[in-house]
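Single-structure report; data block below.
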Amino acid sequence: MTANTHHRFRDKAHAALMDEPLQRAMDKAGDGFIARRQTAIAALDQYEALRSRAKSIKEHTLDHLPEYLERYEAQVIASGGQVHWARDAEEARKLVIDLCRRAGAGSVAKGKSMIGEEIGLNHALEAAGMEAVETDLGEYIIQLAEEPPSHIIAPALHKTREQIIAMFREHHRSHGYTEPLETVAEIVDEARAILRDKFLKADVGITGANFLIAETGSSVIVTNEGNGDLTALLPPTHIVLASLDKLVPTPEDATTLLRLLARSATGQESTAYTSFFTGPKPRNDGHESAYHVVLIDNSRSRILHGKYRDMLRCIRCGACLNHCPVYTNVGGHAYGGVYPGPMGSVLGPLLDGLAQAPELPNASSFCGRCAEVCPMSIPLPELLRQLRNDQFEERITPLRQRCATRLWSWLNTHPRLYRALAGPAMALLSRMGRNGILPRLPGLGAWQRGREFPAPEGGSFVREWNRRRGRTRHE
Amino acid sequence: MRVALFATCLVDNLRPRIGLASARLLQDHGCEVVVPPSQTCCGQPGYNNGDVRGARALARKTITEFEGFDYVVVPSGSCAGMIIQHYPRLFRDEPDWRARAESLAARCHELTHFLSHVLDIRLDRTFEGRVTYHDSCSSLRELGIHGAPRTLLSQMHGLVLLEMKETEVCCGFGGTFSVKFDEISERMASNKTRRVRETGADVLAAADLGCLLNIAGRLRREDGGPRIFHIAELLAGMADGAGIGGPDKA
C-alpha cells in the first residue's frame, strides 16, 4: 500500500458518480434510513439525555479500560470460555486460524463483523484452506460479488435488486436453483435455503460483537435476520471477534447503548434479535462446545492515548454515513478502506496511516450533519479538521496547496497589500464578466467544469464605505 | 449602539452591495455602523485546510480589530460560525487570547439573527415575489439559526415564502471542498438546484455568499432558474437587477 494507490478517493468517487446502477441503489436506500431514524428519535422521550448518558458510559469505560478488560477476561474464564489477545490484525488472523484448525474446521460460518473485515479474515481463512461462509444476507451478497462492504450496517447497499438476482442466478444454478426471481422475499428465501445447509455443515461460528460486558463476560450482537444466533449456536465452537473499544461495564450500560444503536442505525426501537452470549453453550449431541473471544487492539490503545480518542466512542450505527452528502452520492467503495463515510474518514487514516489515506479527511464539506446525528456525540468534523492539520504539519498536504494556504493567511494579515492586490484584480474580473458570469479562466478550472462563476460586481465594500467617510488613513 | 460590520472577504470583493445592504439595515434600525477598514478574511480557509497557525494569526488580527464595539455583525453564517464557535477553540492553550476570543464570540452575531433576536426589528418593505430560502450548514448547525431569516422574510409585504425539500442538506460549497472535490461538489449542487426549481420560486435567497455563488453557478450552467440574492439585499429593498450570476439585462 502506497499513498494514492490504496484509497484514491477522487478517482473512485468519479467512477461512482458515473455508475448508474450504483446511483439508483444509493438513491433508493438513502431516504429510508433518514426518515426512519427521524421518526424513531422523535418518538423517544429523552433522546438528548440518553445521548449524554451514552457518552459518559463510554468515556468512563475508556478512562478505566485496563480494569474493565481484566474484569471481562476473568468473567469469560469463569463462565468457561477463553480470551485471546491480539495486538494487531496479523496476530488476530493467526489466533483465529489456529483456533479454527484446533476445532478441525473445514467450514466456518460467519456473522457480519466489521472487525473481521478490518483484519481481512475471509482471505486468511480461505488461504488456510477453510471455507468462510457469510451468513448475513448483505454480506453473503457481497461475498458472491467478491466485493468489500460499502456500508457498515448494510454491506450490499450499493447493489440493485436486479444485480442481486443476476448474481444469484449465476451462483445458485449449481445448487439447482433456476426459477426466475423477482421479489425481495424470493431473494431472501433462496439465500436462506442455501445458507441453512451451510450452517449445519459449519464446525466453527465466528461473530463480531456490538458490546462486550465486563460484569458478566458476555458478548452482545444485534441482527435482523437471526443469522447471528445460528452462527453462534449451531457449530460446536463459537469465536467472538471484538476490538477493545467494545467494552462496557454492565448489562444496563449495554442496554442504554442498544436503545441508541437501533434507532440511529435503522430507526428500529430494537433490532429483531439482540443476543447475549456468555461462555460455551450446553450441548446434548456429544460434541464438546467451546467459546473463545479474540480481543483485538489494532491501534485502539494508540488512539486511546492520543487526540482522536473521541472516535473510540463509535458504536458503528452508520448514521453518519446515511446523513453524509458525500457518502450518499459516492457510496462506500470510493473511500477505499474498510470503514466509509465520516467515521471511516477519521478511522481509516488512524488505522492505515494518514499518508495512506490523504484524501479522506478532506472529503467533507464540513456540513456538520454527521456530528448532529451521531448518538455518541463524536465531533466528527473537528476530528477531520485535526487530521487536516496533522497532514499540513507532517507535510502530507501537497506542497502547492500548503503554499497557497499559507500565502492566503499571510496576505490577509497584511491589509494594505491585500487591498492593493484585490482592488485591481476584482476590477479586472468584473470587466471580464459577460452576462453576469466569468469566462473560462485557468485558476477556476475545477469550479468551472460543472458550474459558472458569477462575475464580481466590482469595487470593494470596505474601501468604499470608509472612503466615503474619510477613514482610509487607518488602512 | 455601536455596531461593527464584518463584511467578509467574499462580500467585500465579489458583491459589495451585500455589505451596503447589511449596513443600511443596521442603520435603519438605529445602529451606528462602523466598518473597520483593515478587516480582511476571518481565517477559515487556513483553519479548514490544516494551517492552524495561519488561522490563529488572522483570528488575532480580527479579534483586535473588533474590540470595543457593542456588537459585531456578519452577513454570513459561515464566517460568524468561525468567529463564534472556532476562535475560542483556536486559543485553547492561550488564556489571554482565549478570553479575548470569547468576548468577541459573545458580541458577534450573524446578520439575520442580530436583526431578529437582538434588534427585534419589524420590516415595512414590499417585495413582490415567491422566495425560497437556503439554509447554510453553518447557520443551521453551527449557530442553530432557522427561524430568524424566515421571520424576517415573512415580514416583507407581498413576499411568499416557499420551503424547498431537504433544506437541511448541504449545497456542496464547503469552501475549498468545492474545488478539491469539484465533481462531488457539483453533484451536491445539482441536487440542490433540483430542490430549488421544484419550489417554483422566482427568487432564491440565503445568508451566505459562498452557498449562493455555488448554487448560482450551477443554475447558470443548467441554463437559468430563479434570480439569486443575499437575504440582506432582499430585506434592504436592494433586490433589483439580475441578482448573483444573473444575465445582464437585454
Side-chain angles (χ1 to χ4, degrees), chain A residues 10 13-14 17 325-326 329-330 362-369 371-372 382 385 388-393 397 401-402 405-406 408-413 415 418 422 426 434-437 446-466 471-472 474-475, chain B residues 7 9 11-20 23 35 37-41 43 45-52 54-55 57-58 61 137-138 141-142 168-170 172-174 177-189 191 213-214 216-218 220-221 242 244-248:
Chain A
R10 253 184 77 94
H14 167 79
L17 290 170
V326 175
N329 275 302
V330 304
N362 296 287
S364 161
S365 64
F366 281 156
C367 84
R369 250 188 131 186
E372 187 183 52
E382 302 310 314
R385 192 181 280 113
R388 294 185 193 183
N389 187 216
D390 288 357
Q391 286 184 316
F392 198 91
E393 300 295 328
T397 311
Q401 198 186 313
R402 270 186 289 136
T405 308
R406 272 272 149 81
W408 175 257
S409 300
W410 180 84
L411 182 63
N412 276 273
T413 47
Y418 166 86
M426 291 308 135
R434 289 286 172 275
N435 268 324
I437 55 175
W447 178 287
Q448 288 178 322
R449 212 160 287 145
R451 285 162 296 204
E452 302 300 343
F453 197 95
E457 202 186 348
S460 147
F461 165 70
V462 174
R463 198 180 48 210
E464 275 142 42
W465 176 273
N466 286 299
R471 290 224 190 104
T472 39
H474 293 302
E475 276 190 46
Chain B
C9 57
V11 164
D12 182 28
N13 290 307
L14 298 179
R15 199 160 171 90
R17 70 160 72 197
I18 298 170
L20 279 177
V35 181
S38 59
Q39 62 178 283
T40 52
C41 162
Y47 183 60
N48 284 349
N49 283 292
D51 182 16
V52 169
L58 272 174
K61 170 180 167 294
C137 297
S138 32
R141 280 179 280 268
E142 281 195 331
E168 69 287 351
V169 175
C170 179
F173 176 62
F177 172 82
S178 63
V179 288
K180 280 197 276 187
F181 297 96
D182 52 305
E183 280 182 286
I184 303 170
S185 171
E186 179 204 318
R187 181 62 60 88
M188 288 162 69
N191 295 341
L213 292 170
N214 187 43
R218 184 61 206 167
R220 273 306 297 277
R221 179 60 62 88
I244 297 162
D248 302 337

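Side-chain atoms are counted along with the backbone in the values below, which use heavy atoms only and exclude waters and symmetry mates.
For E372(A), the part lying near chain B is the side chain, with the backbone staying farther off; criterion is any non-hydrogen pair under 4.5 Å. R449(A) touches chain B through backbone and side chain together, each having a heavy atom under 4.5 Å away. For chain A, no part of S138(B) is nearby; none of its heavy atoms comes within less than 4.5 Å. Proximity to chain A involves both the backbone and the side chain of N214(B), based on heavy atoms less than 4.5 angstrom apart. Of the two parts of K61(B), only the side chain, counted from C-beta on, holds a non-hydrogen atom closer than 4.5 Å to a non-hydrogen atom of chain A. Looking at R141(B), only its side chain comes within 4.5 Å of chain A, counting heavy atoms on both sides.
With rounding to the nearest 0.5 Å, the separation of CD in E452(A) from CZ in R434(A) is 14.0 Å. Note: L14(B) CG to I244(B) CD1 = 9.5 Å, rounded to the nearest 0.5 Å.
Qualifying side chain to side chain donor-acceptor pair (under 3.5 Å) partners for S365(A), counting only residues two or more places apart in sequence or in other chains: none. A search for side chain to side chain donor-acceptor pair (under 3.5 Å) contacts involving E464(A) returns nothing, not counting sequence neighbours.
Counting heavy-atom pairs closer than 4.5 Å to chain B, the top-ranked of the candidates N412(A), D390(A), N329(A) is N412(A). Taking G54(B), G19(B), A57(B) one by one and counting their heavy-atom pairs under 4.5 Å with chain A, the maximum is reached by G19(B). With chain A as partner, the option from G172(B), C137(B), C9(B), A7(B) having the largest number of non-hydrogen pairs under 4.5 angstrom is C137(B). Of the listed residues (P45(B), A189(B), A216(B)), the greatest number of heavy-atom pairs within a distance under 4.5 Å of chain A belongs to P45(B). Of the residues considered (R15(B), R187(B), E168(B)), R187(B) shows the highest number of contacts with chain A, using heavy-atom pairs under 4.5 Å.
No side-chain heavy atom of R220(B) sits less than 4.5 Å from a side-chain heavy atom of P454(A).
Judged purely by atom type and a 3.5 angstrom limit, T405(A) uses its side chain to pair as donor or acceptor with the backbone of Q401(A).
Among all heavy-atom pairs drawn from P325(A) and C367(A), the shortest one is CD-SG, 3.8 Å.
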